[in-house]
Structures are given as C-alpha cells and as structure tokens.
Protein chains: 2
Amino acid sequence: MSKCEQCIVREFSSLKALNKDELLRMADCKTSYIIKKGESIFTEGENLNGVYCIKDGVCKMTKLSANGNEQIVKLIKKGELLGQRSMISEEPVNLSAVALEDMQVCFVPKSEIMGFFNTNNQFSLSMMRAVCGDLKQADDHLVDMAQKPVKQRLAETLVQLYKDFGTDTDNSLKIKLSREELAGMVGTATESCIRLLSDLNKQGLISLSGKKIAIPDVNKLSRFAVKG
Amino acid sequence: MSKCEQCIVREFSSLKALNKDELLRMADCKTSYIIKKGESIFTEGENLNGVYCIKDGVCKMTKLSANGNEQIVKLIKKGELLGQRSMISEEPVNLSAVALEDMQVCFVPKSEIMGFFNTNNQFSLSMMRAVCGDLKQADDHLVDMAQKPVKQRLAETLVQLYKDFGTDTDNSLKIKLSREELAGMVGTATESCIRLLSDLNKQGLISLSGKKIAIPDVNKLSRFAVKG
DNA sequence: TTGAATATATGATAAATATCATACTTTGGG
DNA sequence: CCCAAAGTATGATATTTATCATATATTCAA
C-alpha cells in the first residue's frame, strides 16, 4: 500500500490541504486500480460512494445524448479528482468516465472524505473552490456551444488541448484523440469535424500529418477561435 | 432593517442552515435594494465581494458572446442566492445579472458569509451542495446545447419555464420573456425562435395567443424535447 | 388618442451543418 | 506479412439554421 504523501494528486487537487495525519488515514483506506485504455471507470447513472484520484493517464467524461451521440464534456488528467460532484450531491454520477490511455487511479471512500470536511475547513473550502472553478468553466463552455459556429468551436478545442496537454517532440498535440472523439468534444458530426480540420489546415492555422495535429501558432489559432 | 429569520430566501437556499444568532448577525450587516425591471444587478467582469439574496422577482444571468449575441445561461428567482460562485472563487463574476421584473434583493458581504463557513459546517456543506447542483445542471445543459437541434432545445426551454415558474390564471407561462430573450436562452436567432414557436403551435404542442405561450400537455412537449 | 418605436411574424434566400456514399489509409491480430 | 476492420478523407446532397427584407401587431409616451 503506497503512501499518499508524495502522490501527484496532492499537487494539483484539494488534497493539498490535507495534513500528514489525514493522508495516513487516507492511504489506509484507499484502493488502487489500473484502468486500461478504453475501459470505463464509471458510467452515467451509477452510484459512486467516493472519489477517484487520478495518479496517471487521461480519461474522457461523456454523456450520451438522446440521439445516441456521445458528447465529451471534458477531459480529466493526472493530478485531478473524479466524482466529487456526485459524492457531495449524494446523487448518481451524471457523466461516464472512460480511459483514453492506460490509467492509475485510487478510490477513496466517501466516509473518509466527508470526515475531512468536518475537521479541516481549509480542505472543504479548497474542494468548494474546485467545484466553483468547474462551474465557471461549464457556463463559459455552454455559451461557446450555443453561440459559436462549429469551426470556431473546433479551433477553441484544439487550443485547449494544446494548453492542457502540450505537444510531443514532433510538435504535435500530445493527447491522442480519434476524429470521432474530437467531434464529440466539439459537438458536431465526425465528417464535419474532419472537413473543418482540413479547412484549418488549408488556412495554415494547424498542420496535419496523418492523424497528428500540430499548431504552429497558438495565439493565431486562439484569435480565430474567438473572432472567426 | 428587517430580520432575516422569516425571509423566503431561508426556505430555498443554503441559508436554511444558519441558526438564529447567525441570522441576527446577517440582518445587521445586509443592505436591501430595489431593482427595477431591466436594471442590472451586476455585470460580467465586476468584483462582487458578497452575495445577493433574491427576496422577490426574477433575473436573467447572461453572457455576451464574441459575435455580440446575449446568451441567457439561466434564470434566478426569489428564494435563491446570486454570486456565490464568484465569492467563493474570489474571482470577478463571469455572468451578468439583469432584472426581468422588479426585484427586491439583499446584499450580504463576503466577510460575513465566509465567517459562517468556519463556524457552521452544515452551512458550508449546504452551499457546496448548491454549487454542485448548479454544476450538474450546467453540464446537462451543455450536452443539450451541443447535441439537440434548435426546435428541441426550444421545447426543452419551454418545459423548464413551465416547471420553474408555472402558469397564470389564463394557463399561459407566468414568466414574461420577449422572443429575443427566449431565443437567447435557446441559443438561436430571434427569427428562428419565432418560426419554431409557430411550428410548435401548428403541431399542437403549445398554443400561442399574442405573445402568451400556453402548454396544453407538458408531458407531450417534454417527450418532444427529448426525442424530437 | 395617436403615431413613432419596438416587437412579432413570415417569406425569400444564403450559409452552415448533417447525412449518405464511397474511396483511401492505417492498424492490429492471425 | 497480410488482410479485415476501423479510421480518415472527400464528394454529392439534404436538412437545418441564419440572414435579410418586409409586413403586421403592439406598446408607450407625448
């Protein structure tokens, strides 16, 4: 059983507010899992009773729409927590989580986390701030979805992927998504997504080679995302 | 200076978790305002330093998109709090609030609320739950925006207005929105909104008389909103 | 009360996006 | 290594949605 003290999740999540004692208690009751690429961590409607700490890898948070399309609401990467919303609300999760790469995660039961809420105000405030940050992001994202044409949403998504995940040595986006998944993030048909990628390529805003996507000038792409 | 103990906001918001002593302290430092229909409570980018309690009336929470369109993200009505997200995040508000009717609101400074966080765990948990509820709503809303065609989004919006605000004696939606505002909620052009209302009318899913909108069978309209 | 301003409605048309068809490319398992 | 399956690409077309034009209705202030 590894300790939680050095875990990367402490660097980036509310868990940074926990003290040594609390970390030891958490280490004691956590369960570690390996999730293979493509496997599901949990599914929309499921009851969770705890949170997942993402030690390594990336997953997509998705929701199936009535027409059978999978909308990717956001990506969660190492260092982040998963399932807080559901745990705090005491409701089933409203999104599914599926690994985009092999992942290492730890599950921490609700009882433990809720205990920290009562004894560590800094922790509960930090968690509250995290949820508030998610809410701001969601509202802003919603306005983009409602108001921006697909091509600008695609550009915006690419900029975000660049900022969140960076690039490989060959200058292409590090995060590997299929065209279908990218379309799922943008909220469009796969063919439309492919076509518009091709457009952006012709405009010189991105550069495609195979399924790799490189962004020669993020600021330029970002300006396009805002003003078209 | 009126007391907070009997205020309707206590019935519907996290403030229900405050005890008599805390309420007295709050009554002491709050400021009451009357906001006329059409007036702004705060504007995107502004710093708030507190929350507003909505004693009466309804306001729209909007965000201006890059193309100059006003997206209405949600409506807030009496009994609810306004500005929690911004206060907790210690960031400027990301949405503007504009009164749709004459309103009565109270402003409670941040220092007071944050103080309650430290002394009343039930209160902070309740506030956290409220934000989590908003987050779930926002994510679900986002998926609708990305995946549903305009006509279904319009139907969904009408169902929501029916459920949240009910009907007048003549069976029409109690909340009064212009076609332009309705279009702003749905995320479409005003003319498209008008046309699709007319369509829904012809299909018998709603009934229009002047600018009044009645819903003869909510379940039917709701089914249409889901499956088209 | 009246008329200008604003809101609502609808037609014509253009633009954006989805869908269907098909070809090409890459990938991974045998 | 090969080939079937999956993913990517692109054309043709249909559908959805926005835009522009104009007509009608409503509102509100002088």
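Residue numbers begin at 1 in each chain, while the letters A, B, ... track the order of the sequences. The figures that follow rest on heavy atoms only: side chains count, while hydrogens, waters and symmetry mates do not.
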Task: B:N94 and A:D140: CA distance, side-chain angles, deciding distance, side-chain hydrogen bond (donor to acceptor under 3.5 Å, both in side chains) verdict - done: CA-CA 8 Å; B:N94 59 323; A:D140 290 352; 3.2 Å; yes
Take atom [atom1] of [X] and atom [atom2] of [N], then tell me their distance rounded to the nearest Å.
{"X": "A:N201", "N": "D:dT10", "atom1": "CG", "atom2": "C1'", "value": "14 Å"}
{"X": "B:N67", "N": "D:dT17", "atom1": "CG", "atom2": "C1'", "value": "14 Å"}
{"X": "B:L197", "N": "C:dA7", "atom1": "CG", "atom2": "P", "value": "16 Å"}
{"X": "A:M145", "N": "C:dA16", "atom1": "CE", "atom2": "P", "value": "19 Å"}
{"X": "B:E191", "N": "C:dA14", "atom1": "CD", "atom2": "P", "value": "16 Å"}
{"X": "A:L177", "N": "D:dA6", "atom1": "CG", "atom2": "P", "value": "20 Å"}
{"X": "B:L208", "N": "D:dT26", "atom1": "CG", "atom2": "P", "value": "13 Å"}
{"X": "B:K212", "N": "D:dT26", "atom1": "NZ", "atom2": "P", "value": "12 Å"}

Task: Touch class at under 4.0 angstrom, heavy-atom based, for B:S178 against every strand present - done: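 Result for B:S178 = sugar-phosphate.
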Open item on the list: Taking any heavy-atom pair under 4.0 Å as a contact, classify B:S198: base, sugar-phosphate, or nothing.
Closed with: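 The residue B:S198 makes sugar-phosphate contact but no base contact.
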State plainly whether the residues [X] and [Y] are in salt-bridge range, i.e. N to O under 4.0 Å.
{"X": "B:R223", "Y": "B:D217", "answer": "no"}
{"X": "A:E90", "Y": "B:R129", "answer": "yes"}
{"X": "B:K212", "Y": "B:D170", "answer": "yes"}

Candidates [options] - which lies nearest the side chain of [X]:
{"X": "A:I194", "options": "D:dA9, D:dG11, C:dG11", "value": "D:dA9"}
{"X": "B:V150", "options": "C:dT17, D:dT17, D:dC20", "value": "D:dT17"}
{"X": "B:S192", "options": "C:dT19, D:dC20, D:dA18", "value": "D:dA18"}
{"X": "B:A189", "options": "D:dT8, D:dA18, C:dT8", "value": "D:dA18"}

TODO: With the side chain counted from C-beta on, respond yes when B:K55 and B:C7 share a heavy-atom pair under 4.5 Å apart, and no when they do not.
DONE: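 Side chain of B:K55 against side chain of B:C7, heavy atoms only: contact under 4.5 Å found.
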- [ ] Return the 5'-most residue of the pair A:K211, A:N69 with respect to DNA chain C, ranking by each residue's nearest nucleotide.
- [x] A:N69
Open item on the list: Which is more 5' along DNA chain C, the nucleotide nearest A:P149 or the one nearest A:G210? Just name the residue.
Closed with: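 Its nucleotide being nearer the 5' end, the pick is A:P149.
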- [ ] Report yes if at least one side-chain N or O of B:R195 is closer than 4.0 Å to OP1 or OP2 of D:dT17; otherwise report no.
- [x]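 Looking at the OP1 and OP2 atoms of D:dT17, neither is under 4.0 Å from any side-chain N or O of B:R195.
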TODO: Using only side-chain N and O atoms of B:T188, determine if any of them is under 4.0 Å from OP1 or OP2 of D:dA18.
DONE: yes
Open item on the list: So for B:R153 and D:dT17, does any side-chain atom that can act as donor or acceptor lie under 3.5 Å from a complementary atom in the base?
Closed with: no
